[in-house]
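Encoded as structure tokens, the structure appears first; notes follow it.
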Amino acid sequence: MSIVKINVLTVPAEQRELLEQRFAARAGAVENSDGFEWFELLRPLEGTDEYLVYTRWRSEDDFQAWMNGPRKAAHEGRGEAGGEAGGEGGGERPKPAATGSTLWSFEVVQQAAPKP
């Protein structure tokens, strides 16, 4: 079964819009990666300043290949930290919108989909 990676990003209120804009501008940065299955950016509704970046992968090897290939190149080129995507490109590196990041890893052991 698949694996799930959840990047927990601590984002101050004044940086939320910037973070969401950067993810919106990522233009398929992960969708074309081998083994990629799903992505969601989850905005907190109450009680926390932490966004969740949910990705699901066919295997740990596929995730690691993305981390060490396309993701690494994109983040080095754009100066992002904490798992963010996007950036203004060129010139000085933009400041990260997140002030902290933690990566959670899970193995999918059960799943269900809506009935047709």
Side-chain angles (χ1 to χ4, degrees):
M1 283 227 169
S2 304
I3 63 152
V4 169
K5 299 293 183 171
I6 300 173
N7 195 355
V8 183
L9 299 176
T10 303
V11 183
E14 65 274 8
Q15 294 291 92
R16 284 180 163 200
E17 186 176 345
L18 176 61
L19 178 94
E20 292 179 23
Q21 289 172 351
R22 288 180 179 174
F23 270 95
R26 66 185 179 59
V30 69
E31 289 90 330
N32 296 322
S33 298
D34 190 40
F36 170 79
E37 297 179 350
W38 198 259
F39 162 86
E40 291 178 320
L41 176 62
L42 306 176
R43 176 193 304 139
L45 294 177
E46 57 189 32
T48 185
D49 59 355
E50 294 176 325
Y51 275 70
L52 300 181
V53 182
Y54 173 99
T55 57
R56 189 173 67 220
W57 298 85
R58 179 179 53 207
S59 70
E60 179 69 25
D61 288 343
D62 291 321
F63 172 73
Q64 291 300 326
W66 174 73
M67 285 289 290
N68 295 318
R71 183 222 169 255
K72 185 176 182 179
H75 285 230
E76 287 175 353
R78 293 190 179 108
E80 293 303 317
E84 293 176 44
E88 289 77 29
E92 189 175 323
R93 291 179 159 184
K95 180 180 176 187
T99 60
S101 173
T102 302
L103 183 64
W104 296 342
S105 300
F106 299 89
E107 182 178 31
V108 177
V109 294
Q110 293 183 25
Q111 62 186 19
K115 293 183 179 182

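To the nearest 0.5 angstrom, Met1 atom CE is 14.5 Å from Ser59 atom OG. Remark: Phe23 CZ to Tyr51 OH distance equals 10.0 Å, nearest 0.5 Å. To the nearest 0.5 Å, atoms OG1 (Thr102) and CG (Asn7) are separated by 7.5 Å. We find the OG1-CD distance between Thr10 and Glu50 to be 4.5 Å, quoted to the nearest 0.5 Å. Taking CD of Gln15 as the start and CG of Leu9 as the end, the distance is 12.0 Å to the nearest 0.5 Å.
Heavy-atom minimum distance, Pro12 versus Ala97: CD-O, 3.6 Å. The minimum heavy-atom distance between Val30 and Arg26, with the atom names listed, is CG1-NH1, 4.2 Å.
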Begin from the C-alpha positions of Val4 and Thr55 and carry the test side-chain contact (heavy atoms from CB on, under 4.5 Å) through to its verdict.
CA-CA 6 Å; Val4 169; Thr55 57; over 6 Å; no
Show me the side-chain donor-acceptor pairs of residues 35-46 shorter than 3.5 Å, one per line, residues at least two apart or across chains.
from  : atom 1 : to    : atom 2 : distance (Å)
Glu37 : OE1    : Ser2  : OG     : 2.5
Glu37 : OE1    : Arg56 : NE     : 3.1
Glu37 : OE2    : Ser2  : OG     : 3.3
Trp38 : NE1    : Glu40 : OE2    : 3.4
Arg43 : NE     : Glu20 : OE2    : 2.7
Arg43 : NH2    : Glu20 : OE1    : 2.7
Arg43 : NH2    : Glu20 : OE2    : 3.4

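Every side chain to side chain contact (heavy atoms under 4.5 Å, CB included) that Asp34 has, sequence neighbours left out, goes to Arg58, Asp62.
Ring planes of Phe106 and Trp104: perpendicular class, angle over 60° (limits at 30 and 60°).
A salt bridge (Lys or Arg N to Asp or Glu O under 4.0 Å) check over residues 4-19, counting only residues at least two apart or in different chains, returns the pairs Lys5-Glu60.
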